2 protein chains.
Amino acid sequence: MTIGELAAKTGVSVRSLRYYERQGLIVPLRRANGYREYSPLAVETVETIKLYLNLGLTTEEIAGFLHCVLKNKEAFCAEVMPLYKSKLAQIERQIQELSQLGENLRQRMQAIQQEQGEIPQQREVPEQRIESE
Amino acid sequence: MTIGELAAKTGVSVRSLRYYERQGLIVPLRRANGYREYSPLAVETVETIKLYLNLGLTTEEIAGFLHCVLKNKEAFCAEVMPLYKSKLAQIERQIQELSQLGENLRQRMQAIQQEQGEIPQQREVPEQRIESE
DNA sequence: ATAAACCCTGACACCAGTGTCAGGGTCAAG
DNA sequence: CTTGACCCTGACACTGGTGTCAGGGTTTAT
């Protein structure tokens with residue numbers, strides 16, 4: 001199977017397949033002419049990679065346990081749980097930060113609306129101040 | 001005031017001040033020797049930039065209304081509200097996506113723990129499958 | 001034999017802000 | 001006059017996955 005055929009079967013671009021290879025996720029054989037030769041199992045491998053990418057893992061993280069989960073059930077791969085835990089913690093940190101940002105934005109928006117309510121006549125904006133004055 | 005002095009007063013690195021200048025946020029005068037010369041007002045300007053960066057705005061977005069808010073109250077700058085609204089919507093989208101990711105992770109973690117509970121004997125991992133086999 | 005469709009590698013671009021280095025000028029205190 | 005501290009510009013790196021192009025080789029069907 002050539003890279004183009006694998007791309008068609010999995011919906012992953014040729015570009016991305018070559019990137020996964022560089023990341024050590026899927027390393028095909030080579031034909032005499034230099035073309036990549038993928039085994040039929042490669043389809044399942046790529047689908048697995050897609051699954052973990054959709055879980056928010058990076059290719060580098062996936063590289064750490066992909067070989068294991070291709071041969072075993074996820075539960076047998078000791079690398080997986082700690083990774084999921086730290087990834088989940090990281091996601092929750094990000095949500096926390098974004099929530100704080102959103103709260104700040106809401107407060108500012110509310111403050112603006114109050115000011116506009118207090119001074120309904122919309123004053124026109126004067127000329128801008130330039131730092132180099 | 002030189003760029004180093006402004007950096008010391010604001011806690012913003014020299015590198016970042018030059019970046020803000022390239023983004024059009026703060027444009028100082030130049031001395032005869034080419035050194036940047038900042039007015040005392042530059043401190044306030046940089047503090048304002050910091051405030052908006054902390055709100056999650058980009059330098060490009062800040063550039064669109066910075067001149068206005070330096071001269072007026074925020075409420076008088078028509079550019080601000082729509083920007084806040086779209087930024088807030090964007091943040092909420094990101095939170096939504098992260099929450100979905102986290103939910104998926106939690107479900108996988110739970111599934112793993114159930115499997116481990118059902119099959120307590122920890123089988124050792126066999127040799128890895130290599131794609132190029 | 002030629003054209004179309006495929007393959008190869010290497011490289012730049014994107015996003016955003018910052019660190020850091022190279023290579024060179026300036027200024028102030030000793 | 002020399003030294004150290006400061007300033008200048010330009011450039012690369014980082015993050016992470018993908019698009020895209022250049023420049024070139026291969027294969028397949030006509």
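On a predicted model such as this, the values are computed, not experimentally measured, just so you know. In what follows, chains are A, B, ... by sequence order, proteins preceding strands, each numbered from 1.
When the P atom of C:dC8 is taken as reference, atom CD of A:Glu37 falls 11 Å away, rounded to whole Å. A:Tyr20 has its OH atom 14 Å from the P atom of D:dG16, to the nearest Å.
For B:Tyr35 against C:dG25, a side-chain N or O and a base N or O form a donor-acceptor pair under 3.5 Å. Below the 3.5 angstrom threshold, one finds no donor paired with an acceptor across the side chain of A:Arg18 and the base of C:dT9.
At distances below 3.5 Å, at least one donor-acceptor pair connects side-chain atoms of A:Gln116 with backbone N or O atoms of B:Ala75. For the pair A:Arg31 (side chain) and A:Tyr35 (backbone), a donor-acceptor distance under 3.5 Å is absent.
For the OP1/OP2 pair of C:dG17 and a distance below 4.0 Å, the side-chain nitrogens and oxygens of B:Arg15 include no atom meeting the criterion. Close to C:dT9, at under 4.0 Å from its OP1 or OP2, lies a side-chain N or O of A:Arg30. Within the structure, every side-chain polar atom (N or O) of A:Tyr19 is placed at least 4.0 Å from both OP1 and OP2 of D:dT18. Taking side-chain N and O atoms only, B:Thr59 has a distance below 4.0 Å to OP1 or OP2 of C:dG17. For D:dG25, neither phosphate oxygen OP1 nor OP2 lies less than 4.0 angstrom from any side-chain nitrogen or oxygen of A:Asn33. For A:Ser13 and D:dG19, the shortest distance from a side-chain N or O to OP1 or OP2 is below 4.0 Å. The side chain of A:Arg22 places no N or O atom within less than 4.0 Å of a non-bridging phosphate oxygen (OP1 or OP2) of D:dG16. B:Ser16 has a side-chain polar atom (N or O) that falls below the 4.0 Å cut-off from OP1 or OP2 of C:dT18.
Comparing A:Val12 and B:Val14 against DNA chain D, the residue whose closest nucleotide sits nearer the 5' end is B:Val14.
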Exercise answer: donor-acceptor pairs, residues 84-93 of chain A side-chain atoms, under 3.5 Å, sequence neighbours excluded:
from    : atom 1 : to       : atom 2 : distance (Å)
A:Tyr84 : OH     : A:Glu74  : OE2    : 2.4
A:Tyr84 : OH     : B:Arg108 : NE     : 3.3
A:Ser86 : OG     : A:Leu83  : O      : 3.1
A:Lys87 : NZ     : A:Gly56  : O      : 3.3
A:Lys87 : NZ     : A:Glu61  : OE1    : 3.1
A:Lys87 : NZ     : A:Glu61  : OE2    : 3.2
A:Glu92 : OE2    : B:Arg106 : NH2    : 2.9

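The one candidate from B:Leu66, B:Leu70, B:Asn72 that meets the side chain to side chain contact (heavy atoms under 4.5 Å, CB included) condition with B:Cys68 is B:Asn72.
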